Amino acid sequence: MQTASSSSAATLPKLPKAPTGIEGLDEITEGGLPLGRPTLVCGSAGCGKTLMAIEFLVRGIQEYDEPGVLMTFEETADELAANVASLGFDLKQLQTDKQLRLDHVHIDRSEIEEAGEYDLDGLFIRLGYAIDSIGAKRVVLDTIEALFAGFPNEAVLRSEIRRLFRWLKDKGVTTVITAERGDGTLTRQGLEEYVSDCVILLDNRVIDQITTRRLRIVKYRGSTHGTNEYPYLISEDGISVLPVTSLKLEHTVSNEIISSGVPGLDEMFTRKGWYRGSSVLLTGTAGTAKTTLAASFAAETCRRGERCLYFAFEESPAQLMRNMLSVGIDLRPYVDQGLLRIEASRPTLNGLERHLVTLHKTIGDYRPEAVVIDPISNLVSVGSLSEVRSMLTRMIDFLKVNGITALFTALISARNGQMEMTEEGVSSLVDTWISVRDLEGVGERNRGLSILKARGMSHSNQVREFLVTSHGIQLLDVIIGPEGIITGAGRLTQRIQEEAQRVVKQHEADRRDRELERKRRVLEATIANLRTEFETVEEELRRVSDEEQTREAALRDGRSALATGLSTDYLTPQTNARP
């Protein structure tokens, strides 16, 4: 059922649109301004109405080959050309190439002689000629208040406004009309917004001495559009409207694992690192080596031959490189090779949107694989918590869409141990959250590291003590004592105790070995004595046995001899007596 509905919605005809070429605006309007219809751009002084209209014309000529007409009622052609030259817009060259027709119409009410009804027929003829002379597809009228200064009658004014907008529609040109903000209305006359097919409201506000520009699509006939207020900036490249893309969470992900630059930290993840393209938040109190960990990640990225963009809000590039060199992290070679780019500025230098646009522009120019922002908590000084959270949401979203691995550091309060950025929900936006904190013992302060979350992989739940050495960050092995994990001087005490116990055990083992050896010798002596005694007894028994055997042999011989001797002696004398 849902599939059928979505497929039918996809086949529905859409309103034809003319892309503006202005970064972000086409995405908010879902394709651009209504094609062949008038669009009203209104706002107070200094909000960039004229600049947006001119950029609409120039982008149309340069990117979409659509000639345009700029009719201005306040500034002359030379003044406009000079004003936008710093943005790279060469209006005079475009006029020479017959792609742009610039017409200044001077209207002074004091010079108007009313002779019957005052109308816009002369304007229609003049504008129509300009359009036809170059085959214009886009038209800008700047500003409409000067045009209607000669209409004292509101009924006539309303009629002429409707006639102007109808004439523009009949000509089939995509038109941008600028208008000044009224008191309680979008425009001075309060009429133009009702007859326009699209109304864009620009606002330039100052909050806590910070200037912020906002854009809102008030209405858009025949099309859906973004309904929120969107920040925009006027930079050397023109107008940039934010946010851009990816709020639908449709970005691709990677299964590749990259190193954090600290081997011990990698071991705390079951996959020996974190995912490429993920966002990592590193929080801790002051002095817990957050910048050192961030620099380790940046250096590791460069060692892989990948580019890293480092935004520093607290240290200059020279200071950062000097400080990191003291812990064995040499960033200078990577900067010289173009693998590392350090952008350093105070957060208060610009508003939140300026920082975000700077990030977008720099990433577009530099094309890094990793971005480090140190620290994001400083941005609170230039905006409210909700504004900072909104800005960081767009930033994280933009980095994920581009597959860039991001590492953010943030300062937490040492008084209550709560992270300031948690209140903005930043910790819920990131994929991996690492906490570094003080482990205070008796008369000393040590550093501990733990992983609070890591989406998509299991990780260690231990608090690992680490040291900042001359060779970088070194995580220490976990030592468990009678009362739990031991850190700092307790490690030395525990090792001394373990060494003493080992020595005692060794002495005890040696004593047992000596006692065993003594008993062995006693037993061997006893066995030797018994063997000697046995041999003596055996020899005596053998001698007695031999004597017995000799005696018995002698007795046998004697008996035999006796028996033989008696028989001879008895027979021989009787024979001799009777011869």
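Model, not experiment: these values are computed from the prediction.
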**OP:** Answer yes or no: is there a side-chain heavy-atom contact under 4.5 Å between P67 and L100?
**Re:** no
Subject >> Minimum heavy-atom distance between Y366 and C308, given as atom pair plus value >> reply: CE2-O, 3.6 Å
**OP:** First locate atom CD of E229, then atom CG of D203, and finally report the distance between them rounded to the nearest 0.5 Å.
**Re:** 6.5 Å
**OP:** Might you confirm whether atom CZ of R367 has over 12 heavy atoms from other residues, nucleotides or ligands at distances under 6.0 Å?
**Re:** no
Original post:
With a 4.5 Å limit on heavy-atom distance, are the side chains of F398 and I363 in contact?
Top reply: yes
Original post:
So with a 6.0 Å cut-off around CZ of R437, is the heavy-atom count from everything else above 12?
Top reply: no
**OP:** Return yes if some donor-acceptor pair links the side-chain N/O of R271 with the main-chain N/O of H459 below 3.5 Å, else return no.
**Re:** no
Original post:
With side chains defined as the heavy atoms from C-beta onward, is the minimum distance between V262 and Q474 less than 4.5 Å?
Top reply: no
Original post:
If you count the non-hydrogen atoms of other residues, nucleotides and ligands that lie under 6.0 Å from NZ in K92, is the total more than 12?
Top reply: no
Original post:
Can you tell me how far CZ of R138 sits from CG of L33, rounded to the nearest 0.5 angstrom?
Top reply: 7.5 Å
Original post:
Which pair of non-hydrogen atoms, one from T432 and one from A454, has the smallest distance, and what is that distance?
Top reply: OG1-CA, 4.1 Å
Subject >> Donor-acceptor pair between Q462 and S450 side chains, under 3.5 angstrom >> reply: no
**OP:** Determine whether the side chains of D431 and Y275 contain a donor N or O and an acceptor N or O closer than 3.5 Å.
**Re:** no
Original post:
Can you name the residues that form a salt bridge (Lys or Arg N to Asp or Glu O under 4.0 Å) with R37, not counting sequence neighbours?
Top reply: D197
**OP:** Could you verify whether a donor N or O on one side chain and an acceptor N or O on the other, from K17 and S223, lie under 3.5 Å apart?
**Re:** yes
**OP:** Mind listing the closest non-hydrogen atom pair of L331 and A295 along with its distance?
**Re:** CD2-O, 4.3 Å
Original post:
Taking C-beta and beyond as the side chain, do V280 and F408 meet within less than 4.5 Å on heavy atoms?
Top reply: no
Subject >> 4.5 Å side-chain heavy-atom contact, Q99 and I134 >> reply: no
Subject >> Sidechain-backbone polar pair: K290 side chain, T285 backbone, donor-acceptor under 3.5 Å >> reply: yes
Original post:
Under the side-chain contact (heavy atoms from CB on, under 4.5 Å) criterion, do T29 and I217 qualify, and how do the steps go?
Top reply: CA-CA 8 Å; T29 56; I217 309 297; 3.9 Å; yes
Subject >> Evaluation steps, side-chain contact (heavy atoms from CB on, under 4.5 Å), between I144 and T178 >> reply: CA-CA 6 Å; I144 199 171; T178 65; over 6 Å; no
**OP:** Could you pull out all residues at least two apart from E180 that satisfy salt bridge (Lys or Arg N to Asp or Glu O under 4.0 Å)?
**Re:** R188
Subject >> Under 3.5 Å: donor-acceptor pair, side chain of S196, backbone of V199 >> reply: no
**OP:** Could you name each residue pair satisfying side-chain hydrogen bond (donor to acceptor under 3.5 Å, both in side chains) that touches residues 253-269, not counting sequence neighbours?
**Re:** E256-R276, S259-D266, S260-D266, E267-K272
**OP:** Side-chain contact test, heavy atoms from C-beta onward, threshold under 4.5 Å: evaluate it for I258 versus T405 and give yes or no.
**Re:** yes
**OP:** Would you tell me whether T270 and S458 have side-chain atoms, one donor and one acceptor, within less than 3.5 Å of each other?
**Re:** yes
Original post:
Do the side chain of K49 and the main chain of S44 share a donor and acceptor less than 3.5 angstrom apart?
Top reply: yes
Subject >> Gap between atom CG of L202 and atom CZ of R213 - 0.5 Å precision >> reply: 9.5 Å
Original post:
Where the side chain of T20 meets the backbone of I22, is there a donor-acceptor pair that is under 3.5 Å apart?
Top reply: yes
**OP:** Indicate the atoms forming the closest heavy-atom contact of F466 with A289, along with that distance.
**Re:** CE1-CB, 3.9 Å
Original post:
So with a 6.0 Å cut-off around CG of D65, is the heavy-atom count from everything else above 12?
Top reply: no
Original post:
Going through the distances and angles, do L325 and R332 end up as a side-chain contact (heavy atoms from CB on, under 4.5 Å)?
Top reply: CA-CA 9 Å; L325 189 60; R332 171 64 67 181; over 6 Å; no
**OP:** To the nearest 0.5 Å, tell me how far L57 CG sits from K137 NZ.
**Re:** 14.5 Å
**OP:** Could you check whether the rings of W274 and F269 sit parallel, tilted or perpendicular, using 30° and 60° as the cut-offs?
**Re:** perpendicular
Subject >> Pairwise distance CD(E306) to CD(E300) - rounded to 0.5 angstrom >> reply: 9.5 Å
Original post:
Hey, does the side chain of E369 reach the backbone of R307 with a donor-acceptor pair shorter than 3.5 angstrom?
Top reply: yes
Subject >> Identified side-chain contact (heavy atoms from CB on, under 4.5 Å) partner of F56 from the options V176, I239, L25 >> reply: V176
Original post:
Is there a donor-acceptor contact under 3.5 Å from the side chain of D374 to the main chain of T291?
Top reply: no
Subject >> OG on S278 to CD1 on I396, rounded to 0.5 Å >> reply: 11.0 Å
**OP:** Report yes if the side chains of I434 and L452 come closer than 4.5 Å at any heavy-atom pair, otherwise no.
**Re:** no
**OP:** Provide the closest heavy-atom pair for D26 versus G21 in the form atom of the first, atom of the second, distance.
**Re:** OD2-N, 3.0 Å
Original post:
Between G32 and Y220, which heavy-atom pair has the shortest distance, and what is it?
Top reply: O-OH, 2.6 Å
Subject >> Contact check, side chains of L359 and V371, non-hydrogen atoms, under 4.5 Å >> reply: yes
Subject >> Step-by-step side-chain contact (heavy atoms from CB on, under 4.5 Å) determination, R464 to L265 >> reply: CA-CA 9 Å; R464 296 283 299 275; L265 178 57; over 6 Å; no
